[in-house]
Amino acid sequence: MKREYEEAFAEVEEILRKMPIDLSSKIPLEFRRHISESKAQDYIVRIEEPIENQKLKEETVVILGLIYRDFLCTPEEREQLQLKDAEKLKEIEKELQEQYDINKTFEKRKKSRSQKEDGENSKEMIVYEKQGFLKKIFNLVKGIFKKN
């Protein structure tokens with residue numbers, strides 16, 4: 001597991017310890033056990049009151065949000081939060097789909113191919129210069145030294 005998540009689990013466990021008993025009792029013991037097993041043992045957490053002013057890791061905030069949504073909030077709130085999460089996921093999926101749209105990719109390839117073909121089919125004359133005898137010998141000697 002990544003170090004960031006281990007540290008986040010350590011912060012979450014410290015917050016759960018300071019949580020009132022009536023709220024912490026709503027969180028299943030198996031979930032709390034998983035958090036304590038997954039936390040970083042050597043990470044020192046200093047959480048003081050009020051928690052709003054603490055600089056918590058982003059992962060910690062996400063885990064706390066999931067704990068709130070899944071265990072602490074009312075069923076109505078849970079449904080609203082799940083709908084918001086689903087909408088946000090749809091937005092992200094739509095952005096990714098637009099970014100990696102297959103049709104756009106093929107259009108770009110067609111354009112680049114047509115530009116290459118335009119360059120290949122041009123009827124401009126190519127100037128070819130014949131190398132002289134001394135130039136050939138110079139290039140031969142230069143090639144020998146490059147190989148070594």
Side-chain angles (χ1 to χ4, degrees), residues 1-129 131 135 139-140 142-148:
M1 184 178 296
K2 289 187 175 180
R3 179 71 182 174
E4 296 90 25
Y5 293 115
E6 292 174 351
E7 291 174 358
F9 282 131
E11 289 180 355
V12 168
E13 185 181 44
E14 185 66 27
I15 291 170
L16 292 178
R17 279 192 201 141
K18 294 187 178 200
M19 189 180 284
I21 294 175
D22 59 331
L23 287 177
S24 65
S25 65
K26 294 180 180 180
I27 301 170
L29 289 174
E30 186 175 322
F31 186 78
R32 294 184 76 157
R33 189 176 313 118
H34 177 71
I35 289 174
S36 67
E37 290 172 359
S38 301
K39 73 176 185 172
Q41 301 297 331
D42 58 341
Y43 183 67
I44 300 171
V45 182
R46 290 187 179 96
I47 305 276
E48 292 119 20
E49 303 291 333
I51 197 164
E52 294 86 19
N53 298 336
Q54 299 293 318
K55 290 197 174 201
L56 299 174
K57 296 184 175 302
E58 187 176 330
E59 292 86 0
T60 304
V61 175
V62 170
I63 294 169
L64 289 173
L66 292 173
I67 290 172
Y68 177 76
R69 184 192 72 187
D70 292 341
F71 305 121
L72 302 177
C73 68
T74 64
E76 296 83 23
E77 280 182 309
R78 181 176 302 126
E79 188 175 321
Q80 289 176 351
L81 290 172
Q82 287 174 340
L83 288 174
K84 285 181 183 178
D85 288 345
E87 288 174 11
K88 188 70 173 172
L89 284 174
K90 284 181 183 178
E91 288 175 15
I92 292 171
E93 186 177 311
K94 185 178 178 182
E95 289 174 7
L96 289 174
Q97 199 171 30
E98 289 174 1
Q99 184 178 3
Y100 299 108
D101 187 22
I102 293 174
N103 295 329
K104 289 182 182 178
T105 305
F106 285 127
E107 287 175 14
K108 288 178 184 177
R109 285 186 181 175
K110 285 179 184 177
K111 286 179 184 178
S112 66
R113 282 184 183 163
S114 66
Q115 289 174 352
K116 286 181 182 177
E117 289 174 359
D118 289 343
E120 290 174 0
N121 292 334
S122 67
K123 304 208 176 174
E124 297 176 15
M125 292 192 62
I126 298 174
V127 178
Y128 178 72
E129 293 182 21
Q131 288 183 343
K135 186 75 169 176
N139 287 337
L140 180 66
K142 189 169 129 182
I144 292 171
F145 285 113
K146 280 188 179 179
K147 288 180 184 178
N148 293 333

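Given the structure is predicted, the values throughout are model-derived calculations rather than measurements.
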More than 12 heavy atoms from other groups under 6.0 Å of [atom1] on [X]:
X	atom1	value
Glu93	CD	no
Tyr5	OH	no
Leu96	CG	yes
Gln82	CD	yes
Leu29	CG	no
Glu30	CD	no

Could you tell me which non-hydrogen atom of [X] sits nearest to which non-hydrogen atom of [Y], and how far apart they are?
X	Y	answer
Phe9	Ile35	O-CG2, 3.5 Å
Gln41	Ser36	NE2-O, 3.8 Å
Ala8	Glu59	CB-CB, 3.6 Å
Ala40	Ala10	O-CB, 4.1 Å
Met19	Ser24	SD-N, 3.8 Å
Leu56	Val61	CB-CG2, 4.2 Å

Q) Should Val45 and Ile15 be marked as a side-chain contact (heavy atoms from CB on, under 4.5 Å) after you check the CA-CA gap, both sets of side-chain angles, and the distance that decides it? A) CA-CA 10 Å; Val45 182; Ile15 291 170; over 6 Å; no

**Q.** side-chain contact (heavy atoms from CB on, under 4.5 Å) between Arg17 and Glu14, intermediate numbers included
**A.** CA-CA 5 Å; Arg17 279 192 201 141; Glu14 185 66 27; 3.3 Å; yes

(Q) Please determine whether side-chain contact (heavy atoms from CB on, under 4.5 Å) holds for the pair Asp70 and Phe31, giving the CA-CA distance in whole Å, both sets of side-chain angles, and the decisive distance to 0.1 Å. (A) CA-CA 11 Å; Asp70 292 341; Phe31 186 78; over 6 Å; no

Nearest 0.5 Å, please: how far is [atom2] in [Y] from [atom1] in [X]?
X	Y	atom1	atom2	value
Arg32	Glu13	CZ	CD	8.0 Å
Tyr43	Arg3	OH	CZ	8.5 Å
Leu81	Thr74	CG	OG1	8.5 Å

Q.
Using the rule side-chain hydrogen bond (donor to acceptor under 3.5 Å, both in side chains), only one of Lys57, Lys39, Lys2 pairs with Glu7; which is it?
A.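 Answer to the side-chain hydrogen bond (donor to acceptor under 3.5 Å, both in side chains) test with Glu7 among Lys57, Lys39, Lys2: Lys57.
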
Q) Is a salt bridge present between Glu37 and Arg33, judged by a nitrogen-to-oxygen distance below 4.0 Å? A) no

**Q.** SB check Glu87 Lys90 (cutoff 4.0 Å)
**A.**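 Judged by the 4.0 Å cut-off on N to carboxylate O distance, Glu87 and Lys90 do not form a salt bridge.
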
Q.
Can a donor-acceptor pair be found, under 3.5 Å and without considering hydrogens, that links the side chain of Arg78 to the backbone of Arg69?
A. yes

Q: Return yes if some donor-acceptor pair links the side-chain N/O of Lys18 with the main-chain N/O of Ile47 below 3.5 Å, else return no.
A: yes

